[in-house]
Structure formats: structure tokens, C-alpha cells
Amino acid sequence: MLPLADANLYSVTGREDANGVAGNWAVTASALCAPPPAGLEVINGQSAINSVNPKFLELSCPAGKRVHGVGGEIVGGNGQVRLTEMRATSLTTVTVRAAEDEDGFGSDWKVRAYAVCAA
């Protein structure tokens, strides 16, 4: 789940792991919309791309701004890595964690974190 452009649009996707699932599944997203607050900006960061497991990122909004939204993304995980935490951990900080699934993953991957910040 990641904010696009000026956070007026989010992209939400899902992927099965190598074992798959027997039945059908879907990704569902919900949004609460409002006029953009003053000073809206999206802050992002990313982990190193390597095979270290798990990965953790913490982002802080610039001084005078608070968290209005959170996003996270796995790059290169090929369905073998999942987001395990994606939330505001304070009024000004977001935390995103990711980990490989039960049978692990032998390739490099990274996690990206996004904080939607405004006054």
C-alpha cells in the first residue's frame, strides 16, 4: 500500500507466496477522504537491498507536522516477504516492518516506508 503523487491516490496490491492458496482471494482497500491539510507532503525511505531478515524502518515527519497517513511496499520479495507492521507509532512517526514467510527467501529484497505528513 503506497501513496502516489500528492497522497490523493493510493495503490494497493497483493501477491500469493510460492505455496499459493486453494481458494479465491481479493485485496480490499478503504479510504477516508477530506480536503488536503496545509503543508501536505509524503516522506519516504527504504532499507538496504539484501537478504537480511526481518527489516524495519522508522520515519519521522518534519518539525511542526504530524502523521496523516502511512504506506509500505516490499520490493523484490516475489511473494515470499510480507509486511508485518505498518502504522503510526506516534503523532509524528511511522513504523514499517517486513519479514520473509515461513520457508524463507534466498534472494535480496527491500522494504519502503511512506509517511503522509501535514500541519
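Quick caveat, the model's predicted, so the values are computed rather than measured. FYI, the numbering just counts along the sequence from 1.
- Applying the side-chain hydrogen bond (donor to acceptor under 3.5 Å, both in side chains) rule to Glu102 yields no partners; only residues at least two apart in sequence or on another chain are considered.
- The cluster map of Ile, Leu, Val, Met, Phe, Trp and Tyr, joined by side-chain heavy atoms under 4.5 Å apart, puts Met1 and Val27 in the same cluster.
- The nearest pair of heavy atoms linking Gly71 to Met86 is C-SD, 3.4 Å.
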Mind listing the side-chain donor-acceptor pairs of residues 60-69 below 3.5 Å, one per line with the distance, residues two or more places apart or on another chain?
{"residue": "Lys65", "atom": "NZ", "partner": "Gly39", "partner atom": "O", "Å": "2.6"}
{"residue": "Lys65", "atom": "NZ", "partner": "Glu41", "partner atom": "OE2", "Å": "2.6"}

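- Taking Arg97 as the reference, Glu85 meet the side-chain hydrogen bond (donor to acceptor under 3.5 Å, both in side chains) condition, with sequence neighbours excluded.
- Among residues two or more places apart in sequence or in another chain, the side-chain hydrogen bond (donor to acceptor under 3.5 Å, both in side chains) test is passed with Asp101 by none.
- Applying the side-chain hydrogen bond (donor to acceptor under 3.5 Å, both in side chains) rule to Thr89 yields the partners Thr95; only residues at least two apart in sequence or on another chain are considered.
- Looking at residues two or more places apart in sequence or on another chain, you find a side chain to side chain contact (heavy atoms under 4.5 Å, CB included) between Ser90 and Thr92, Thr93.
- Placement of Val96 and Val52 in two distinct hydrophobic clusters is found when ILVMFWY residues are connected by side-chain heavy-atom separations under 4.5 Å, directly or transitively.
- Once rounded to the nearest 0.5 Å, the distance linking OG of Ser51 with CZ of Phe105 reads 10.0 Å.
- Listed by first then second residue, pairs satisfying salt bridge (charged side-chain N to carboxylate O under 4.0 Å, His left out) with a partner in residues 46-57 number zero, not counting sequence neighbours.
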For residues 112-119, please give each side-chain donor-acceptor pair under 3.5 Å, one per line with the distance, not counting sequence neighbours.
{"residue": "Arg112", "atom": "NE", "partner": "Gln46", "partner atom": "OE1", "Å": "3.0"}
{"residue": "Arg112", "atom": "NH1", "partner": "Glu73", "partner atom": "OE1", "Å": "3.3"}
{"residue": "Tyr114", "atom": "OH", "partner": "Glu73", "partner atom": "OE1", "Å": "2.9"}

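- Minimum interatomic distance between Val70 and Ala88 (heavy atoms only, all atoms of both residues): CG2-N, 3.7 Å.
- Each salt bridge (charged side-chain N to carboxylate O under 4.0 Å, His left out) pair with one or both residues in residues 22-39, not counting sequence neighbours, would appear here, but there are none.
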Below 3.5 Å, can you tabulate the donor-acceptor pairs from side chains in residues 74-83 to any protein atom, sequence neighbours excluded?
{"residue": "Arg82", "atom": "NH1", "partner": "Glu100", "partner atom": "O", "Å": "3.3"}

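- Residue pairs meeting the side chain to side chain donor-acceptor pair (under 3.5 Å) criterion with at least one member in residues 23-33, sequence neighbours excluded: Glu16-Trp25.
- The side chain to side chain contact (heavy atoms under 4.5 Å, CB included) check on Pro36 picks up Asn8, Leu40, with sequence neighbours excluded.
- The minimum heavy-atom distance linking Thr84 with Ala98 is given by the pair OG1-N, 3.9 Å.
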